[in-house]
Amino acid sequence: QVQLVESGGGLVQAGGSLRLSCAASGRTFSTYRMGWFRQAPGKEREFVAAISKSGGSTYYSDSVKGRFTISRDIAKNTVYLQMNSLKPEDTAVYYCAAEPARDSFYVATTFREYDYWGQGTQVAVSS
């Protein structure tokens with residue numbers, strides 16, 4: 001089992017940047033594939049980015065491709081989401097998710113594929 005704690009959210013102006021962190025407990029972090037999702041008020045939770053167990057594969061939603069970068073640091077048990085060129089429509093609560101993985105390169109892009117979730121961190125982008 002793994003516990004996830006997100007941090008790094010906040011208020012930023014359009015065009016600005018934020019880096020979200022997701023710290024995972026436990027010694028088996030390297031065996032999990034990881035993902036970031038977000039949920040805006042009144043909307044369903046949507047996929048943002050995912051990274052494979054090995055870190056060798058990543059995938060992004062079309063809405064963030066080219067602006068956001070997901071990465072992981074095995075030594076620090078942490079996955080990051082670097083968000084650049086932020087837009088007001090990026091405003092949402094951002095959630096980190098984890099799933100035990102056997103495959104080293106598969107990335108999971110649907111929320112049903114993930115077993116563990118953090119509590120979320122709020123990101124607000126002003127125009």
Side-chain angles (χ1 to χ4, degrees):
Q1 190 169 357
V2 64
Q3 293 184 332
L4 306 172
V5 179
E6 301 98 332
S7 62
L11 175 64
V12 64
Q13 289 187 335
S17 299
L18 283 174
R19 188 177 79 157
L20 305 184
S21 300
C22 173
S25 65
R27 300 179 179 179
T28 59
F29 174 69
S30 61
T31 66
Y32 288 80
R33 60 173 66 100
M34 305 294 294
W36 285 97
F37 291 75
R38 67 187 182 186
Q39 188 166 19
K43 295 187 177 181
E44 295 185 350
R45 190 169 299 191
E46 66 170 348
F47 168 76
V48 175
I51 190 166
S52 61
K53 181 178 74 171
S54 68
S57 299
T58 57
Y59 193 80
Y60 300 90
S61 69
D62 288 343
S63 61
V64 308
K65 194 176 299 181
R67 300 187 297 122
F68 291 11
T69 302
I70 188 172
S71 61
R72 65 190 299 165
D73 186 330
I74 300 298
K76 295 183 178 180
N77 277 15
T78 301
V79 64
Y80 302 98
L81 185 68
Q82 177 67 43
M83 306 186 295
N84 299 328
S85 302
L86 282 162
K87 304 175 181 180
E89 50 264 44
D90 295 317
T91 295
V93 177
Y94 283 71
Y95 297 91
C96 174
E99 182 203 10
R102 292 183 179 180
D103 185 274
S104 294
F105 295 100
Y106 177 77
V107 290
T109 62
T110 63
F111 72 87
R112 292 181 179 84
E113 296 180 90
Y114 289 92
D115 296 327
Y116 303 101
W117 293 84
Q119 82 290 346
T121 185
Q122 176 72 53
V123 171
V125 184
S126 63
S127 57

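Taking a 4.5 Å side-chain heavy-atom cut-off between Ile, Leu, Val, Met, Phe, Trp and Tyr, the cluster of Y95 extends to F37, F47, Y59, V93, V107, F111, Y114, W117.
In terms of heavy atoms, T121 sits closest to G8 at OG1-N, 4.3 Å. In plain terms, the two heavy atoms of V64 and Y60 that are nearest each other are CG2-CB, 4.1 Å. Taking every heavy atom of both residues into account, P88 and A14 meet most closely at CD-CB, 4.1 Å. Between R72 and R33 the shortest heavy-atom distance is NH1-CA, 4.2 Å. Annotation for N84 and S17: closest pair OD1-OG, 2.9 Å, computed over non-hydrogen atoms. Contact detail for A23 and T78: the closest heavy-atom pair is CA-OG1, 4.1 Å.
With rounding to the nearest 0.5 Å, the separation of OG in S54 from CG in D103 is 8.0 Å. To the nearest 0.5 Å, atoms CD1 (I51) and OH (Y80) are separated by 11.5 Å. Rounding to the nearest 0.5 Å places CD of Q119 at 9.0 Å from CG of L4.
Clustering ILVMFWY residues whenever any of their side-chain heavy atoms sit less than 4.5 angstrom apart, transitively, puts F29 in a cluster other than the one holding Y106. Connection of I74 to W36 is established within a shared hydrophobic cluster, with ILVMFWY side chains joined at heavy-atom distances below 4.5 Å, either directly or through further cluster members.
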Please lay out, stage by stage, how E46 and R38 fare under the test side-chain contact (heavy atoms from CB on, under 4.5 Å).
-> CA-CA 5 Å; E46 66 170 348; R38 67 187 182 186; 2.6 Å; yes
Test side-chain contact (heavy atoms from CB on, under 4.5 Å) applied to V79 and I70, step by step = CA-CA 7 Å; V79 64; I70 188 172; 4.0 Å; yes
Full working for side-chain contact (heavy atoms from CB on, under 4.5 Å) between L20 and M83 | CA-CA 8 Å; L20 305 184; M83 306 186 295; 3.7 Å; yes
Stepwise side-chain contact (heavy atoms from CB on, under 4.5 Å) test for T91 and Q122 | CA-CA 8 Å; T91 295; Q122 176 72 53; 4.2 Å; yes
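Classified by interplanar angle (parallel below 30°, tilted 30° to 60°, perpendicular above 60°), the ring pair F68/Y94 is tilted.
The residues D90 and K87 are annotated as not salt-bridged, no charged nitrogen and carboxylate oxygen being separated by less than 4.0 angstrom.
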